[in-house]
Every structure is written in C-alpha cells, then in structure tokens.
Amino acid sequence: MATKSTDYNFHDIEPHWQTFWEKNRSFCAENDSARPKYYVLDMFPYPSGSGLHIGHPEGYTATDIIARYKRARGFNVLHPIGWDAFGLPAEQHAVKTGTHPASNTQNNIVNFKRQIKALGFSYDWEREIDTTDPKYFRWTQWIFLQLFKRGLAYVDERPVWWCPELRTVLANEEVIEGRSEVGGFPVERRNLRQWVLRITAYAERLLADLKEVDWPESTKRMQEAWIGRSEGAEILFPLEHPTAGTLKIFTTRPDTLFGCTYMVIAPEHPLVDTLTSKAQAPAVEAYRKKASAKSDLERTDLAKEKSGVFTGSFAINPVNGQRVPVWIADYVLMGYGTGAIMAVPGQDERDWEFAELYQLPIVRTVQPPADFRGKAFLEDGPALNSANAEVSLNGLHIDAAKSTIIGWLERKGFGTRRVNYKLRDWLFSRQRYWGEPFPIAWVSEADYAKAKLGRSDLPAEPVTFVQGGVIHFALPLPDEALPLVLPEVQSYLPSGTGESPLANETTWLEVWLDFKTGKAVPASAPKPMGDRWVRARRETNTMPQWAGSCWYYLRFLDPRNDRALASSAALQYWGTPDLYVGGAEHAVLHLLYARFWHKVLFDLGVVPPSEPFKKLFHQGIILGEDGEKMSKSRGNVVNPDSIIASHGTDTLRLYLMFLGPLEAMKPWNPRGIEGVHRFLQKVWREMIAADGSVSAKISATGTDTPEVSKLLHETIKKVGDDIENLRFNTAISQMMIFVNALQKAPRFGRDTAAKFLQLLAPFAPHIAEELWERLGNSGSVMAATWPTFDAGKLASSEVKLVFQVNGKHRGDQFVPVGTTQEVALDLARANSRVSPYLEGKVVKRVVFVPGKILNIVVD
RNA sequence: GCCCGGGUGGUGGAAUGGUAGACACUAGGGACUUAAAAUCCCUUGCUCGAAAGGGCGUGCGGGUUCGAGUCCCGCCCCGGGUACCA
C-alpha cells in the first residue's frame with residue numbers, strides 16, 4: 001500500500017517502505033536455496049561516539065545498489081552488517097568516565113543502527129554481529145588457539161611506546177612528536193612481553209596468491225611492497241673479538257661484498273655490549289638511549305641526518321680479509337634481516353652519506369657510465385675491484401656477479417643464498433582492557449609437564465617466557481572453556497607496571513585451573529580436590545582490534561551457531577564474499593591480517609577457498625566542503641542525519657553516488673544535493689499528477705515515441721553495465737538524460753515507466769517502491785525481474801563522422817553506417833569547412849576509423 | 001623517507017589513444033505569476049571576431065603517435081598507508 005501524498009513527500013514515503021521491508025523480511029538471505037548465491041560485504045564499522053561519518057553511507061550505498069541489483073537478477077543475496085566494537089576510543093572513554101566500555105559501546109551501536117536503518121540499506125539484520133559479544137569472540141579466541149597449537153603464536157619482548165609519567169603504554173596515535181597526546185609528557189621505547197603471530201611463515205603464500213584475486217592493482221602492489229620479498233645472501237663476518245664469534249648480515253647485493261668498508265649493527269643488536277670497547281662505552285650508551293626514543297619511521301627516513309657511533313671493534317671481510325670497523329646506527333633496524341648490515345657506500349646512498357659524514361673509505365665495485373655524476377651508483381654495470389685469489393667478479397653484471405659470489409661463499413662456508421621479507425611478525429597483544437582476553441594461563445614447568453600428559457592439543461614446542469629467572473609456560477585453555485570473558489574491573493586505568501588493568505583483578509587473574517576442562521577457582525580459595533588442578537596466572541594482555549575483523553565475514557554465514565564458527569554447510573554454500581567494499585586505508589594491515597588468518601583456517605580445512613576476498617573495491621574518501629579531510633577540529637563534518645531530515649535518504653544515496661567515481665577522493669558540495677533532489681522530484685512529477693493520481697501522459701496501452709523507446713533501451717543497457725562496474729555516477733547521469741527525455745515527450749507507456757523505476761530502485765528504493773505501486777504494479781519493485789534491453793533498438797542507421805586535417809577537428813557530418821573510406825574522403829573534400837584546409841596541399845596519408853573519424857594528413 | 005593514489009571550466013565531474021567539458025551545480029537572461037517560491041526555455045572553458053569562423057586550453061617541462069586528458073621520461077603540488085586509530 002502506497003502513501004497518500006500528492007507531492008513527493010519523502011518524510012512519509014521513506015519510513016513507510018522501510019517498515020514494509022522489515023515486516024516482509026525482504027532482505028533475509030536463505031542458507032539453503034536453489035538460487036545462485038551472491039555475497040556482498042561492507043567493511044563493518046567501528047561504532048564511534050560521534051556517530052556515522054558521511055564516508056560510511058558512501059560505501060554502504062554502493063554495496064546496497066549491488067545487493068538490490070543482484071536480487072533483481074535472481075541471486076540469493078547475503079548482505080550483512082555488524083560492529084567492530086573493541087578498540088581504543090571506547091577504552092579511553094572508559095578511563096575518562098569510569099563507566100564500563102561495554103555500556104558506552106552499546107549506546108554507540110544503538111545510535112549507529114538507528115542511522116544506518118534510516119538510510120534504507122537492504123541489510124539482513126537477523127545476521128547482525130558484534131565482535132565484543134562473548135558468543136562472537138568465543139570463536140576469535142578459538143581461532144587464536146588454533147594458531148597457538150600450530151606454533152604460529154609466540155611470546156617475545158618487543159618495544160612499545162611507554163610514558164613514564166602516565167605509567168602506561170601508548171598507541172602510536174597517542175604519541176605526538178615524541179610526547180603523549182594526553183598531558184604532553186615525554187615518551188620512550190620500552191620492551192614489554194608481547195604475543196606475536198608468525199605471519200612471516202605465510203609470507204610466500206600471501207605474496208603468491210595475490211595473483212588469484214581481483215583487486216585494485218595498486219592495493220596488490222602495496223601488499224607486495226609490504227611483504228617486501230628480496231633475494232640475497234646471508235654472510236658471516238668473523239669478528240676480531242676473541243669470544244664474539246661471527247656477525248651475520250643479510251644483503252640483497254652480495255655482488256658488492258668487495259666494496260664493504262664498514263659494518264653497521266642496530267642499537268638493539270645482542271652483540272652491542274660484547275663489541276663495545278671500554279673507550280667507546282659512554283658514547284655507545286648515550287647513542288642507544290637516544291635511538292630508543294625514535295620510531296622506526298624516524299630512524300629510516302632517508303632525508304634525515306645520519307648518525308652513528310663506533311663500537312671500537314672490527315670484523316673481517318671474508319672475501320678479502322680486510323678489517324672493517326663495526327658501527328652502531330639507528331638506520332639499521334633489529335626487526336629487518338639480521339639487524340646487521342655490511343655497508344657498501346659505493347653502491348648505497350645511505351651508506352655513502354654515512355661514510356662521508358664519518359670519513360669512512362668508499363670503494364666502487366660497480367663501474368658507473370662515463371657521464372655519471374652522482375655519488376652512490378645503484379644501477380647495473382660491470383663489477384670492478386672485486387677479485388681475490390680464488391674468485392673474480394670483475395666485468396660481470398649484477399645478476400652474474402651475485403650468483404658467482406654466493407657460490408664462492410657457500411663453498412667456503414661464509415654464507416648462503418637467502419630470501420628475506422620486509423614483513424615482520426604481527427605484534428598481537430595490547431596492554432588494554434577492552435579486547436578479547438587471551439585463552440592462555442601461565443603455569444610452572446612441572447605443571448605444564450603434568451598437563452601435557454592429559455592434553456593432546458598442546459603445541460609441539462611450548463611457548464615460554466622467563467621472568468626473574470623463572471620459566472613460565474603458556475597453557476592454552478581447552479576449546480570447551482571458551483569464551484573466556486573479561487572480568488569486571490575496579491578501574492580501567494592501566495596497572496602502572498605496563499600490564500593491562502586485568503593485572504589488578506587478582507581473583508580473576510590468580511587461579512587454580514583444571515588443565516583438562518579449563519575450569520578455574522580463585523587461588524585464594526583452597527585448592528580443589530583432584531590431580532588436574534594447577535596453579536595458574538592468566539594472561540593479562542588482550543587481543544588487538546584486528547582480531548575480531550580478521551574473520552567476521554565467515555560469521556555472517558551462520559551467526560548464531562554455537563558449535564562452530566559457522567557450519568560447514570553454510571561455509572560450503574556461501575564460500576567467501578563475491579564483493580568486498582571498503583576504504584583504501586585498509587589496503588595493507590586489515591586485508592593482510594585477514595588473508596593470513598583465512599589461510600590458517602584453510603590449512604585446517606575449515607574454509608574451502610584459500611583466499612577470503614575474491615573481488616575488492618575501495619571507495620574514495622569524501623572530503624569536507626573546504627577540500628580538507630573531515631574532522632571535528634576543522635568543523636567540516638557532515639552528518640547524514642541532517643541530510644535525511646532536509647532532503648530524504650533517497651536524495652542522500654543518489655547524491656553520494658552522483659558525486660563522482662566511487663573510488664575517487666572528492667569534496668562534499670551541498671549545492672549538488674539540490675540537483676539530485678530536483679531530479680527525484682522531476683521523476684515524481686512525470687508519473688504523478690498534482691492531485692496524486694497517475695500522470696495523464698502515461699497510459700497502459702499508449703506507446704512511446706521512437707526517441708523515448710530508443711533511449712529506454714540505451715538506459716537499460718548503460719545502467720546495468722555501470723552497476724556491474726560500480727560506475728554509479730554515470731548510471732545516474734544516464735537516468736537523468738532519460739527523465740529529461742520523458743519530460744519532453746508528449747506521452748509514454750506505463751510499461752516504460754515501470755522499467756525505468758526498476759532501474760532507479762537500487763539507487764533510490766523508497767521512491768521507486770512508492771511510484772511502482774501507484775502505477776498499478778503489484779508487489780515490491782525489487783521482486784520484479786531486472787529489465788532486459790533489445791539490442792536491435794540500440795542500432796542507428798547514421799553516425800557522425802568527424803573530419804580532421806592533421807589531427808585537428810575541421811568539420812563533421814552524419815553518414816550512413818558502413819560508409820567507406822573512399823566515400824568519406826569525397827564527403828570531406830566536398831565539405832565547405834574542410835576543403836579550405838586541403839586546397840593546394842598534397843595528401844600524404846589518410847587515417848580512417850569507420851563510423852568515427854577521418855584524418856587527412858597533408859604537408 | 002618508503003609504498004600507493006590523484007591533479008580536466010566558476011564548482012562536482014564526463015570522455016575503449018579518435019569531436020575535451022556528457023550529466024549536474026553556480027551565475028546571467030527570458031517565460032509563467034499581482035508578487036515570490038516552484039517549474040520551463042536560452043546562454044555559460046578562456047580569448048579574438050558584428051558574424052561566419054579562428055587561436056588557445058586537461059598541474060609544469062619534454063617525448064612517442066596521423067592523432068595524447070589518456071601512453072613514456074623528468075618535475076611540482078595534494079591525499080592515503082607506514083605495522084598499537086581502524
């Protein structure tokens with residue numbers, strides 16, 4: 001039943017149809033359907049306190065158009081939404097207000113849900129998920145346990161930002177120019193015990209499988225660069241120091257080994273203390289302290305001033321026996337390669353700069369061309385100065401020189417061929433409250449041994465860490481003990497020791513644990529009877545927000561399942577999303593982490609395909625009216641609520657799509673809203689007369705003018721093609737062209753109007769439903785099969801041929817389709833606008849593109 | 001710094017290597033109206049010209065091509081990511 005409005009009253013129409021859809025469960029996907037499936041997924045939002053950002057409905061409108069279009073094409077469409085609700089802002093809010101982050105998060109979710117529902121998206125709300133719901137994160141914890149059992153999780157000391165004044169760990173975002181965002185206190189790097197996931201074990205597959213996915217090339221390139229595969233060699237440099245042994249370095253340019261004139265190790269390198277001479281000790285210590293305050297980004301900035309300090313020790317270059325000094329410099333990172341490099345200033349810009357600064361020798365081992373004026377020479381060329389009694393690289397180019405020297409190093413036992421990745425293992429823990437607790441308890445060596453006898457699901461190698469000389473063993477909770485929920489805490493403030501607030505919750509933390517069932521009682525209570533009870537301290541770290549978003553696309557398939565993350569039937573039927581839409585800011589981290597987890601689940605046999613996201617699309621950012629990024633501080637934020645109130649959600653949806661290409665970054669322009677709103681009003685006026693009845697121009701039996709008929713078929717074709725390619729802006733402009741033609745036409749058929757409404761429905765579904773019903777069609781417009789176009793109606797008998805002389809447009813003329821070059825040339829010579837340019841000229845060449853262009857090249 | 005994008009009228013943008021500026025917005029003019037709003041019609045890249053028509057024009061400088069917004073090389077500027085914001 002349509003509304004009663006005589007004019008385009010979106011205030012009535014939009015809620016009316018939203019209620020209709022909800023009552024009819026119009027968008028619920030069926031898990032067992034004979035229809036082909038289509039799964040279209042949005043990157044689910046973090047429900048922040050400030051509500052929906054205008055960027056959210058941009059991407060969500062795009063996927064909604066696809067979802068509605070695919071339904072009309074006969075697909076069983078899965079289009080779900082949920083909440084990525086763990087995270088830093090909720091934690092900060094909790095610290096500030098003392099209220100539980102869960103309550104604040106729930107408030108935000110209510111607000112987000114209200115806003116999203118007002119936009120009329122065709123989500124299947126029966127599949128809504130929330131990463132902070134124990135029923136959800138039970139499976140996040142389960143996946144972590146699978147990683148743990150496979151030896152893909154370990155514990156290590158890793159540097160984090162530490163603020164001594166606030167006595168807390170800070171996120172990168174909370175550190176601004178070396179000071180805490182809150183209070184402006186100085187911060188430093190400090191090593192803390194962290195969980196780390198062995199994503200590097202999957203580096204090769206993460207790289208290779210990029211070939212299998214339909215993603216933007218730029219995103220694939222970014223992931224490739226991030227994984228950063230490089231082939232080179234590991235080389236052992238003997239050290240002069242009597243007990244230090246050898247220094248292992250990685251280089252991508254082993255061919256330049258003869259040009260190594262010094263070595264550099266990272267300030268955190270384990271050999272620093274051994275190699276530092278007494279005389280150099282104060283300088284080295286001061287340098288390490290300074291380096292510890294810098295981020296990797298600051299340290300590796302090529303433009304920054306190089307700095308370093310000599311250790312006082314020497315290594316021996318294995319290829320020529322030369323003594324080379326060992327330096328410490330912060331541009332070498334412990335996390336990449338071996339944390340040590342051989343410096344070859346002749347072929348490396350940073351090394352050259354460093355060598356100039358500290359007056360270290362420079363030897364060229366690749367011959368630059370005669371006209372080369374630069375410093376370090378990075379290109380290919382014949383090697384020089386590169387021979388010893390056994391091997392000579394002289395004259396060889398890079399590739400040949402590399403394999404020759406690696407062969408020699410391997411024979412002599414000085415090194416090996418080696419593939420290295422920039423990708424580092426994933427730091428997977430946070431010293432925060434608002435995250436998934438790790439399902440891990442720390443026990444003594446003896447208790448771990450006891451548990452091992454009664455458990456078959458422990459990793460091959462135990463995960464341990466040493467504290468105060470005592471080895472602690474990580475005992476995973478058994479699957480049936482999940483979920484491990486967060487305890488209520490007195491304070492959300494960090495513990496002050498670097499541990500999370502959970503460290504203060506003694507009754508939760510210190511327990512007697514049944515290693516078989518995972519049941520626990522507080523350690524303060526007497527030890528229960530039975531020999532499976534061991535003394536345990538729970539893990540106080542929580543998981544990062546990435547954890548929940550790494551696998552949520554799988555939970556939508558079967559969101560209420562309490563026996564598995566999803567049933568295998570659901571996993572088989574739906575597979576993975578056919579289309580995934582979200583911001584390019586996730587090009588690396590989220591999309592790489594999710595691929596990693598997916599591959600682990602694939603190896604476990606849980607998921608059928610080896611890649612999670614077949615086709616990916618990034619929507620661009622919507623900037624503020626001033627062309628700057630939207631932010632509260634700039635005061636240029638647009639709230640979707642106010643647009644819905646003033647113009648309606650159909651207008652907002654249409655406007656967001658008309659603004660420009662989906663992938664482009666584009667500024668918000670409030671004037672443009674009027675334009676699309678006028679378009680919808682025009683659509684209304686063409687179909688509904690002033691009294692609310694159907695327009696007199698439309699008749700059930702009436703025929704279209706030839707112009708309208710041809711344009712309708714062109715529009716069906718273009719809108720369909722454009723939706724398939726996510727080019728919504730041009731689809732809308734085509735619909736505008738069509739409606740402009742309707743307006744000029746004296747009459748058109750009801751059938752024509754109905755087909756047009758079907759095209760409009762994915763974009764502006766509310767007005768389309770309303771008009772569809774008023775024109776006397778039954779059921780929902782979305783239940784109707786997508787219209788098809790008649791290719792015969794698209795053909796025209798004449799085309800415009802453009803005449804060019806020397807590539808310049810000099811005239812044009814309509815010619816019959818199939819006009820030959822000879823005829824076209826005669827027409828051009830006879831054309832009064834073209835002929836003057838041909839007079840007295842010799843025709844050198846004629847380029848003819850049938851039906852398009854005739855270019856006459858003259859002297 | 002490194003990796004990845006982007007730059008076209010007054011504005012958002014359109015354009016399989018083939019007429020640059022579709023579709024909108026803004027502005028100006030006109031129609032309707034007692035008036036206004038709404039709606040409809042015309043004009044709207046810059047420039048020379050009475051007009052017909054010409055010249056110039058896609059961030060800057062080169063190049064490839066019969067023909068370049070589109071491809072290549074070198075710059076400039078703006079944006080995203082940079083591993084604890086998500």
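Only a predicted model underlies this, so the values are computations on that prediction, with no experimental measurement involved. Residue numbers start from 1 in every chain, and the chains themselves are labelled A, B, ... in the order their sequence lines are given, proteins ahead of strands.
At a threshold of 4.0 angstrom between heavy atoms, the contacts of A/Trp226 include nucleobase atoms, whether or not backbone atoms are also involved. Here A/Trp161 lies out of heavy-atom contact (under 4.0 Å) with every strand. Using a 4.0 Å heavy-atom cutoff across all strands shown, A/Ile673 reaches no nucleic acid atom at all. Residue contacts for A/Arg810: at a heavy-atom cut-off of 4.0 Å it reaches the sugar-phosphate backbone alone, with no base atom in range. Here A/Ser429 lies in heavy-atom contact (under 4.0 Å) with a base. No contact: A/Gln223 has no heavy atom under 4.0 Å from any strand. Across all strands shown, A/Leu427 has heavy atoms under 4.0 Å from base atoms, whether or not it also approaches the sugar-phosphate.
Between A/Glu217 and A/Lys220 there is a salt bridge, since at least one side-chain N of the basic residue sits less than 4.0 Å from a carboxylate O of the acidic one. Taking 4.0 Å as the cut-off between side-chain N and carboxylate O, A/Glu174 and A/Arg432 count as a salt-bridged pair. A/Lys718 has no carboxylate O lying under 4.0 Å from a charged side-chain N of A/Glu714, or vice versa, which leaves the two without a salt bridge. With respect to A/Glu157 and A/Arg193, no salt bridge is recorded, no charged nitrogen being found less than 4.0 Å from a carboxylate O.
Between B/G57 and B/G21, the two C1' atoms lie 11 Å apart (nearest whole Å). Nucleotides B/A27 and B/A15, compared at atom C1', are 25 Å apart to the nearest Å. Remark: the separation of the C1' atoms in B/U8 and B/C56 is 15 Å, to the nearest Å. Nucleotides B/A31 and B/A36 have their C1' atoms positioned 16 Å apart, rounded to a whole Å. Across the C1' atoms, B/C76 and B/C23 are found 32 Å apart, a figure rounded to whole Å. Across the P atoms, B/G61 and B/A68 are found 16 Å apart, a figure rounded to whole Å. B/C32 and B/A50: their P atoms are spaced 33 Å apart (whole Å). Distance noted for atom P between B/U16 and B/A20: 14 Å (whole Å).
Between the P atom of B/G1 and the NZ atom of A/Lys294 lies a distance of 17 Å, rounded to the nearest Å. In this entry the distance linking CG of A/Asn831 with P of B/G53 reads 11 Å, nearest Å. Atom NZ of A/Lys422 is separated from atom P of B/G1 by 16 Å (rounded to the nearest Å). Atom C1' of nucleotide B/C66 and atom NZ of A/Lys841 are separated by 15 Å, given to the nearest angstrom. Atom OH of A/Tyr8 is separated from atom P of B/A38 by 17 Å (rounded to the nearest Å). Atom CG of A/Leu838 is separated from atom C1' of B/C66 by 14 Å (rounded to the nearest Å). Rounded to an integer number of Å, the gap from A/Phe44 CZ to B/C85 C1' is 15 Å. Going from atom NE2 of A/His677 over to atom C1' of B/U39 covers 14 Å, rounded to whole Å.
A sub-4.0 Å separation between OP1 or OP2 of B/C41 and a side-chain N or O of A/Lys744 is present. Under 4.0 angstrom from either OP1 or OP2 of B/C84 there lies at least one side-chain N or O belonging to A/Arg430. Checking the phosphate oxygens (OP1, OP2) of B/A83, no side-chain nitrogen or oxygen of A/Arg424 falls inside 4.0 Å.
Of the listed nucleotides (B/C3, B/G54, B/G5), B/G54 has the atom at the smallest distance from the side chain of A/Tyr837. Of the listed nucleotides (B/U39, B/C66, B/C85), B/U39 has the atom at the smallest distance from the side chain of A/Arg685. The side chain of A/Gln431 has B/C84 as its nearest neighbour among B/G54, B/C84, B/C85. Of the candidates B/C85, B/C66, B/C84, the closest approach to any side-chain atom of A/Glu173 belongs to B/C85.
With a cut-off of 3.5 Å on both Watson-Crick or G-U wobble distances, the partner of B/C23 is given as B/G12. Pairing partner, B/U39: B/A31, with both Watson-Crick or wobble hydrogen-bond distances short of 3.5 Å. For B/C56, the paired nucleotide is B/G45, the pair qualifying as Watson-Crick or G-U wobble because both relevant distances are below 3.5 Å. For B/C2, the paired base is B/G81 (Watson-Crick or G-U wobble, both distances below 3.5 Å).
The ring of A/His677 has its center closer than 6.0 angstrom to the ring center of A/Phe10.
Geometrically, A/Arg189 engages A/Trp161 in a cation-pi contact, judged by NZ or CZ lying under 6.0 Å from the ring centre and within 45° of the ring axis. Geometric assessment of A/Arg595 against the ring of A/Trp215 yields a positive cation-pi assignment under the 6.0 Å and 45° thresholds. A cation-pi arrangement is not found for A/Arg350 relative to A/Tyr331, the charged atom failing to lie both closer than 6.0 Å to the ring centre and inside a 45° cone about the ring normal.
Partner of A/Arg845 under the side chain to side chain contact (heavy atoms under 4.5 Å, CB included) criterion, chosen from A/Val857, A/Ile856, A/Val858: A/Val857.
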* Sugar-phosphate means primed atoms, P, OP1 and OP2; the rest is base. With that split, encode nucleotides 7-25 of chain B 5' to 3' as B, S or - using protein heavy atoms under 4.0 Å. => ----SBSSSB-BB--BBSS
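In terms of position along RNA chain B, the nucleotide closest to A/Ala225 lies nearer the 5' end than the nucleotide closest to the other residue of the pair A/Ala225 and A/His586.
One cannot find a donor-acceptor pair under 3.5 Å joining the base of B/C85 and the side-chain atoms of A/Glu585.
In this structure, B/G9 is classed as syn because its glycosidic torsion stays within 90° of zero.
No donor-acceptor distance shorter than 3.5 angstrom exists from the side chain of A/Asp330 to the backbone of A/Ala291, with no hydrogens or angles considered.
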